[in-house]
Amino acid sequence: MEHPSKQVSRRDFLKAAGGFTLGTSLALGTDLTRVVARTKTLKIAGATEVPSVCPYCAVGCGTMISVKDGKVINIEGNPDSPISKGTLCPKGSASFQLTVNPLRMTKVKYRAPGASDWEDKPLDWAMERIAQLVKKTRDENFNETFKTKDKDGKDVDKKVNNTLAIASLGGATMDNEWNYIHLKLMRALGVVFLENQARI
Amino acid sequence: MGITASPNWGGWLVAYFFIGGIAAGAYFIAGLIELIGSERDREMARGAYYLAFPLLVLCSIFLIADLHRPERFWHMLIQSNTFWPMFKYWSPMSVGSWILSAFGAASFVSFVDTLAEDGRLGLGRFGGWARSLRLSPVGKLFAVLEMLAAYGLAAYTGVLLTATNVPFWSNTNLLGALFMASAASTGIAALLLLQHRTASHESLAKLETADSLAMGLELLIMIGFVISLGGLAGRFVTNPYGLVMLVGTGGLGLLLPLLLRLLAKPLGRNPAVVNALLVLIGGLLLRYGILFAGESLTSRVG
Amino acid sequence: MSDAYGFYTDTTVCIGCKACQVACHQWNELPAELEQQPTEHSPGQTRPMTGNSYDNTGSFSDVNWRHVKFIEKSEIPAMGTTAASVSHSPQDPNRDNLQWLMMSDVCKHCVNAPCLEVCPTGAIIRTEFDSVYIQEPVCNGCRNCVGACPFGVIHMGGTANEGEGTAKKCTLCYDRMQHGLTPACAQACPTESIQFGKITDLKVRAEQRVKDLHDLGFPQAQLYGADTKILGGLNSFYLLMDQPEVYGLPSNPKLPSRAVIPSTFLSMGSALLVALGGLFAFRKKRMEEFAADPTAKER
Amino acid sequence: MPGLGTSFGRGGATNTQQDLQNADAIMIMGSNFAECHPVGFRWAMKAKAKGAKLIHVDPRFTRTSAMADTYAPIRSGSDIVFLGGLIKYLIDNEKYFKEYVVAYTNAPSLIDPNYQDTEELDGLFSGFDPAGRKYNPDTWKYQSDLPPGQTQPVPAQDESQSFSARVGKLVGPPPKQDLTMQDPHCVFQIMKRHYARYTPEMVEQATGCPKDIFLKVAETLAQNSGRERTATVVYAVGWTQHTVGVQIIRAATILQLLLGNVGRPGGGILALRGHATIQGSTDVPTLYNLLPGYLNSPSALKTHETLRAYLDTEVTPTAYWANMPKFMVSMLKAWYGDAATAQNGYGYDYQPKIVGDHSHMPMFVAMSQGSIKGFFAMGQNPAVGGQNAGFQRKALAKLDWMVVRDLYETETATFWRDSPEFKGKSSDVKTEVFFMPAAAVPEGAGSFTNTQRLLQKHEKAVDPPDDARTDLWFTYKLGVRLKELYQSSTLPRDTGIKILTWSYVDPEENKQWRIPDEPSSDLVMREINGYTVSDKKMVKGFGDLKDDGTTACGVWIYSGIYAPTADHPDGFNRSAARTPGQIISPNWGFAWPANRHILYNRASADPAGNPWSERKKLVYWDANAPATDTQGKPTKGKWVGIEGEVPDFVATKAPTTPANPKGVGLDYHSGADPFIMKADGKGWLFAPQGLTDGPLPTHYEPYESPVENMLYHKQGVNPVAKLYDKLVPGNAYSPPGNPDYPHILSTYRLTEHHLSGSMSRWLPWLAELQPELFVEISPELAHEKGISNTQLVNIKTPRATIQAKALVTKRIRPFVIGGKTIHQVGMPWHWGYNGIAHGAVVNDLSALVGDPNVNIHEAKVFVCQIEKA
């Protein structure tokens with residue numbers, strides 16, 4: 001159905017225009033009627049839809065990730081989410097580019113002490129080196145006891161089982177599950193300099 | 001800054017408007033001469049025929065060069081999805097595309113006809129036929145068509161600018177008229193320049209008179225144009241490009257040559273070539289000034 | 001023919017977040033407008049900030065099919081009381097009625113669309129949803145539509161070498177609509193400032209909203225493009241809290257074809273006068289010649 | 001969030017974002033809601049569309065202010081004056097919700113007669129120790145023979161007693177009350193005196209907010225609270241990043257308790273948090289001072305030698321916290337498995353103890369002193385986000401090694417190459433640096449806990465590219481390697497690592513993916529939910545947990561998330577529940593605790609259990625409903641929630657149930673005590689314990705302020721603020737009224753960027769929207785300094801000088817404070833030296849100075865000088 005107001009004005013125009021032209025019969029391929037340009041293919045047609053959550057702030061908007069051939073091709077709001085109802089802010093709307101971006105770092109980079117730039121290293125090498133460094137630092141700086149005073153003001157050595165030489169910072173952007181195993185591992189190692197963005 | 005964006009119709013279009021205007025103006029006068037001119041005046045018309053078609057080819061190249069997808073120039077005439085003829089009578093550019101085609105066809109016929117008439121095609125006595133045809137009622141009818149095509153080409157470019165939302169362009173209905181007058185003044189000036197050595201003195205004098213009248217008309221329309229801008233008139237006369245048009249075209253290209261012609265008798269010198277050149281430069285600056293004055297008030301270039 | 005669809009944008013709830021701009025980029029795979037695009041080896045470079053409130057987009061472009069505008073106002077408007085944030089601080093009287101108007105601008109998908117009118121190739125069409133759509137394979141880059149659009153919507157994309165060089169603008173997410181999806185911008189809009197739907201439904205909603213705002217003491221609330229006054233109606237219409245010009249919208253945009261008839265007649269007049277001039281020039285001379293040499297006629 | 005926890009019992013938003021729809025008024029203060037949480041703000045706009053009044057109290061006119069019905073400008077750092085003024089207004093005009101206040105808050109409770117207020121001591125409370133810069137809170141306590149929470153003398157060691165049985169011995173007598181609230185020692189009267197000087201005139205003088213606007217805010221809140229109406233308060237880091245941050249939030253809790261808005265639909269306090277799971281990383285705390293579920297970390301500074309000592313010290317016997325031993329033992333059991341036995345305190349003996357403040361700022365102080373050798377930067381970018389960031393970057397150079405996990409080359413990752421301190425001097429930096437590329441959210445599965453305590457799962461969509469791996473993979477594999485490295489150790493101190501339960505790979509799950517050893521987040525979540533040790537069956541919730549080692553549970557407050565259902569006898573991860581509902585939507589994700597969405601919702605009914613009004617109905621007592629009591633016996637009568645809301649109360653405890661002064665846990669509370677985590681079941685207007693800087697919020701000037709405190713002369717700033725000027729060279733503070741630094745500077749976020757920019761400045765689509773660092777200044781200041789729009793200016797503080805472009809706008813206004821014009825400028829802090837959009841680091845200007853309760857720095861207000869560059 002044509003919009004009533006549009007019909008009127010279109011007719012007015014034709015009336016005015018009819019006076020001097022060659023007539024409408026030659027008006028071919030024009031805008032007098034609505035046409036279907038061509039049924040457009042939808043880029044996410046046939047893609048797998050994976051429900052997800054926006055990685056930015058703590059509103060917790062629902063997103064829907066479209067995957068085709070093992071690649072993320074689209075991320076938009078999930079209309080089912082009772083929190084966001086399919087909407088997103090500019091950051092959430094840009095989260096596709098957070099994942100698919102030529103500037104993203106996807107290789108392990110290593111910087112030797114004093115070096116002026118990165119060098120590439122295998123993932124396995126880096127993991128082993130980090131584990132060795134953690135062990136070395138912990139073992140060299142482990143405190144079994146801590147000198148303090150008890151309730152009555154007497155000097156005591158309290159068992160503390162900690163190391164003050166390793167620190168870990170971050171977690172508010174990672175999964176709960178990661179926070180759980182990370183705090184579990186850090187505490188098992190005796191790491192007490194354990195912090196995240198909660199105080200920022 | 002206005003709201004409308006700039007179509008970036010730059011140098012190519014200025015050149016197109018200018019060269020197309022000359023072709024159209026010359027062709028228009030040629031048709032007129034065919035209808036009312038003397039046999040001797042037809043010398044001038046033949047000059048116009050030699051001029052119109054090559055200029056048309058040139059300006060078509062400019063026009064196509066201006067397209068961002070030049071290889072698709074034919075989409076103006078043939079709808080590329082349906083391969084039906086593409087024509088929108090309410091779109092000046094669509095109409096203009098057909099006018100340009102019609103002008104091209106007509107000026108080509110005139111061009112060939114003139115070559116034949118002048119015996120340059122080696123057609124022998126067929127050359128005489130061409131001349132007879134020209135002087136026959138069919139030829140007179142063709143002259144009317146020539147004038148219509150020439151009018152169309154000269155005027156549509158102005159209407160094209162008006163049928164937008166670009167400031168200045170769209171605030172007047174006189175651009176078609178102005179471009180028509182300018183086409184005539186520059187077209188005739190081009191003929192004067194081309195033929196000032198070869199043509200008869202009387203014919204040249206007639207042309208000069210016609211030119212002066214066209215220039216006078218152009219001057220009047222130009223004043224009308226500024227007035228028709230209404231609230232924007234002040235901005236136009238202070239706009240650098242507007243000034244280029246007012247001073248360059250109005251002063252240098254119209255008033256000065258008119259003055260020189262008026263003073264020709266008292267001074268005893270008629271600087272015909274200088275005058276013609278001034279008119280041509282004025283015609284170029286007219287297109288330049290109008291085009292860029294409008295675009296300078298758009299929101300974003302590029 | 002199906003119903004007309006489009007946008008109703010309620011600027012009173014626009015928070016200027018620009019989600020619509022990014023969602024549009026994302027869905028339509030449009031690059032950002034940067035001084036230098038990033039590569040794997042270089043981070044690229046942004047354009048400088050504009051200093052025009054929080055608007056660093058500046059205008060529509062070939063890649064910015066949406067443009068969120070920011071208008072900071074602190075004068076007392078002519079039309080009675082105004083919005084929201086009223087401060088009568090004796091400390092800074094300049095901030096009475098401080099307002100920060102925000103509006104997400106987009107192609108209006110005009111009922112009588114100037115771009116569509118002038119397009120000489122038939123590249124611009126009216127779709128089954130009554131939206132205005134550019135068929136890029138048809139467009140030859142003449143740019144008539146660019147100057148025709150009174151809203152500055154259309155811009156040219158790239159160069160022919162890049163397979164570009166055609167006119168670009170909002171498609172109303174034609175591809176999404178053909179598959180029953182809401183356009184990306186409207187779906188993203190957190191506060192439902194951009195609402196998508198059947199124009200008839202949207203108008204009912206918009207008129208009610210204006211009425212409510214009038215009742216709440218905002219007499220300046222007005223619709224823009226919801227009736228036929230502007231280009232026969234806009235399929236993307238707006239609820240504004242001030243005059244259209246304040247938002248950079250033309251209050252009386254022109255239909256290109258309106259000029260065709262008068263301009264043509266006037267140009268005909270000009271042609272006629274040129275011809276008369278020629279007639280005068282040539283006939284006058286001819287009379288004189290005839291007087292001097294009566295045989296001339298025989299020649 | 002101790003502000004909320006101290007007053008209500010739990011450190012989380014009391015309501016949900018969608019619940020804002022139910023509000024009749026919303027006061028947004030300390031938050032730029034529209035800009036920083038645009039999608040959450042949609043619900044505020046929904047409320048507005050339904051007629052609710054939106055109030056924005058903020059130093060800047062922001063995109064939030066533009067949407068507000070009332071914008072109240074206040075000078076940065078004067079929040080408590082404004083809130084104190086509101087409290088005084090309610091008391092003076094008797095506009096508080098009396099029935100609610102008497103029944104549900106501690107207003108009638110009597111405080112120790114030795115208590116002295118800031119009114120008497122001109123800015124100090126009783127118990128201040130000037131030498132130690134700390135309070136002894138003994139005089140702030142309730143009057144009673146023995147206040148609850150303050151325990152009985154610890155019973156003699158009796159190994160036969162279970163932990164839970166011991167809790168009962170700790171119960172003391174209830175506090176004395178005067179239900180007429182006339183006793184001069186009752187909380188209500190103390191509060192009335194405390195806020196006596198917070199008059200509307202004082203509010204105008206000290207905050208710069210015109211009196212009529214202040215009164216309009218007060219009237220709007222009062223008119224939209226009560227039986228029929230509710231108002232919500234929304235805040236974010238605009239309140240927390242102060243040396244009085246916790247007290248500002250406390251002031252809001254007092255306001256909301258007086259208005260009777262807590263626990264009710266459209267009421268409460270919505271804390272807006274900045275990161276995807278910053279709530280989750282506090283619940284499951286990668287924080288030094290907490291164990292999962294808000295248990296305190298074992299500390300060498302407290303009586304925590306053994307598990308028993310720890311529990312005796314930490315348990316609150318007269319609240320739901322009486323169950324704390326069950327939570328602690330079950331957590332240890334989850335961590336140490338079969339090796340966790342009663343003999344080794346279920347592994348408690350292997351846990352490290354804290355020996356002081358190990359939070360962010362002390363961490364970097366220690367780093368700068370060289371005592372920290374190794375550092376993990378896990379998706380955090382302290383080179384930009386850290387306070388006095390130049391100092392923090394220099395501290396990084398003292399490390400032996402650093403591991404950075406992120407998506408992009410952050411400023412932290414390349415401080416040795418690109419920072420202003422070390423550019424061209426990288427050979428001076430001996431730190432060994434690893435950049436371990438992280439997986440993006442679509443490249444792994446896991447859950448986030450959003451700002452309303454709702455856990456939502458994101459599923460894995462694709463494999464991460466190249467060497468990129470999930471965070472879970474990194475920590476899991478590191479743990480595997482460390483366990484291998486320590487396998488042969490015989491040292492007792494390494495036992496904890498050897499016995500740590502660490503089995504999270506489900507090969508079946510990885511079949512379709514490239515990475516075969518990716519840990520299963522579902523397996524982690526099962527451990528978090530908890531199980532019975534004997535058969536590994538998922539527990540139904542924290543109610544099932546035991547203190548005898550028969551149950552294991554990683555995070556008690558999340559327990560129930562993997563509860564078995566009829567369809568899933570082996571449990572179902574409810575963070576992946578995706579059935580939307582109405583406003584509550586109980587089947588979308590999982591809200592801790594126990595899928596309760598509006599906390600303390602018992603308060604949505606009157607003391608008799610009936611809804612305060614039909615309009616504000618949420619949870620009420622249905623006396624005739626068939627139910628099963630806690631022992632599993634059929635009874636009649638239970639609490640019912642609309643839209644599937646779970647009552648935050650013992651489901652079958654009738655409203656008429658009397659308090660049992662000898663009862664343990666919730667038996668100690670009556671059927672009309674909605675705050676089940678508090679020792680007395682009441683919302684705390686006055687905090688007799690739990691805070692280091694006073695029982696009532698008091699206005700102190702920011703540590704750096706251009707003006708003196710107009711309310712108190714003896715003590716102008718927070719007397720116990722954490723200071724670092726002596727510890728950190730170059731971290732000097734400007735004294736009050738210093739003419740060298742006359743302007744207030746506030747830092748904040750923009751919609752278009754995220755935090756330190758590590759997730760936005762590398763994205764062209766976001767970088768283009770806010771391409772450059774700027775400083776927002778008023779036209780008045782611009783005129784005074786001859787600065788024009790977009791001109792480059794220098795911003796100087798005692799810590800550093802940086803450059804930025806000026807954005808001159810009327811949205812920034814000067815304030816007249818005590819007759820003196822004070823200019824305020826603002827800077828978003830998203831930029832750094834890397835990325836597409838780069839610029840100076842604004843945090844180079846900020847100072848290390850901390851709130852005494854939580855050690856959050858004061859980024860929202862410090863002083864600066866500004867000049868043309």
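Order of the sequence lines fixes the chain letters, A, B, ..., with proteins taken first and strands second; residue numbering starts at 1 for each chain.
Of all the listed residues (B:Leu77, B:Asn81, B:Leu63), the one sharing the greatest number of non-hydrogen pairs under 4.5 Å with chain C is B:Asn81. Here C:Pro150 is the residue among C:Ala259, C:Pro150, C:Cys149, C:Pro253 with the most heavy-atom pairs under 4.5 Å with chain B. Comparing C:Ala167, C:Gly269, C:Cys119, C:Gly157 by how many heavy-atom pairs each has under 4.5 Å with chain B, the most go to C:Cys119. Put simply, of C:Gly152, C:Gly248, C:Ser263, the one with the most heavy-atom pairs under 4.5 Å next to chain B is C:Ser263.
The minimum heavy-atom distance between C:Asn140 and B:His75, with the atom names listed, is ND2-CB, 4.3 Å. The two residues B:Ala163 and C:Pro256 come nearest to each other via the heavy atoms O-CB, 3.2 Å. Across all non-hydrogen atoms, the minimal contact from C:Ser267 to B:Gly176 is CB-C, 3.5 Å. Scanning both residues, B:Met93 and C:Pro120, for their nearest heavy atoms gives SD-CG, 3.4 Å.
Counted within 6.0 Å of NZ on B:Lys140, heavy atoms from surrounding residues, nucleotides or ligands total more than 12; the atom is thus considered enclosed.
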Stepwise side chain to side chain donor-acceptor pair (under 3.5 Å) test for B:Tyr151 and C:Ser270: CA-CA 9 Å; B:Tyr151 153 71; C:Ser270 174; over 6 Å; no
Verdict with supporting geometry, B:Trp90 and C:Val118, side chain to side chain contact (heavy atoms under 4.5 Å, CB included): CA-CA 7 Å; B:Trp90 58 88; C:Val118 300; over 6 Å; no
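A side-chain donor-acceptor contact under 3.5 Å links C:Arg143 to the backbone of B:Pro7.
Residues C:Val260 and B:Pro92 are in side-chain contact: their nearest non-hydrogen atoms beyond the backbone lie under 4.5 Å apart. Contact check for B:Gln79 versus C:Val138: side-chain heavy atoms found under the 4.5 Å cut-off.
Distance OG1/C:Thr121 to CD1/B:Ile78: 12.5 Å, rounded to 0.5 Å. Rounded to the nearest 0.5 angstrom, C:Glu136 CD and B:Arg69 CZ are separated by 9.5 Å. In this structure, C:Cys139 SG and B:Leu67 CG are separated by 9.0 Å, a value rounded to the nearest 0.5 Å. The distance from the CZ atom of C:Phe282 to the CG atom of B:Leu35 is 12.0 Å, given to the nearest 0.5 Å. Atom CD of residue C:Glu117 and atom OG of residue B:Ser94 lie 12.0 Å apart, to the nearest 0.5 angstrom. Interatomic distance, B:Met76 CE to C:Asn144 CG, rounded to the nearest 0.5 Å: 8.0 Å.
Residues meeting the side chain to side chain donor-acceptor pair (under 3.5 Å) test with B:Arg261, sequence neighbours left out: B:Asp211, B:Ser212. Residues that satisfy the side chain to side chain donor-acceptor pair (under 3.5 Å) test with C:His67, not counting sequence neighbours, are C:Asp55.
B:Phe73 touches chain C through its backbone: at least one of N, CA, C or O sits under 4.5 Å from a heavy atom, while the side chain does not. Looking at B:Trp9, both its backbone and its side chain come within 4.5 Å of chain C, counting heavy atoms on both sides. Residue contact with chain B, scored on non-hydrogen atoms closer than 4.5 Å, involves the backbone of C:Glu164 exclusively. For chain C, the nearby part of B:Ile33 is the side chain; its heavy atoms alone come within less than 4.5 Å. With a threshold of 4.5 angstrom between heavy atoms, B:Leu32 approaches chain C through side-chain atoms but not through N, CA, C or O.
Among the candidates B:Thr162, B:Asn173, B:Leu178, B:Leu175, the single residue satisfying the side-chain contact (heavy atoms from CB on, under 4.5 Å) test with C:Leu266 is B:Asn173.
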Result block: side-chain N/O donor-acceptor pairs under 3.5 angstrom for residues 271-279 of chain C, not counting sequence neighbours:
none

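Proximity to chain C among residues 218-230 of chain B is limited to B:Ile221, judged by heavy-atom separations below 4.5 angstrom.
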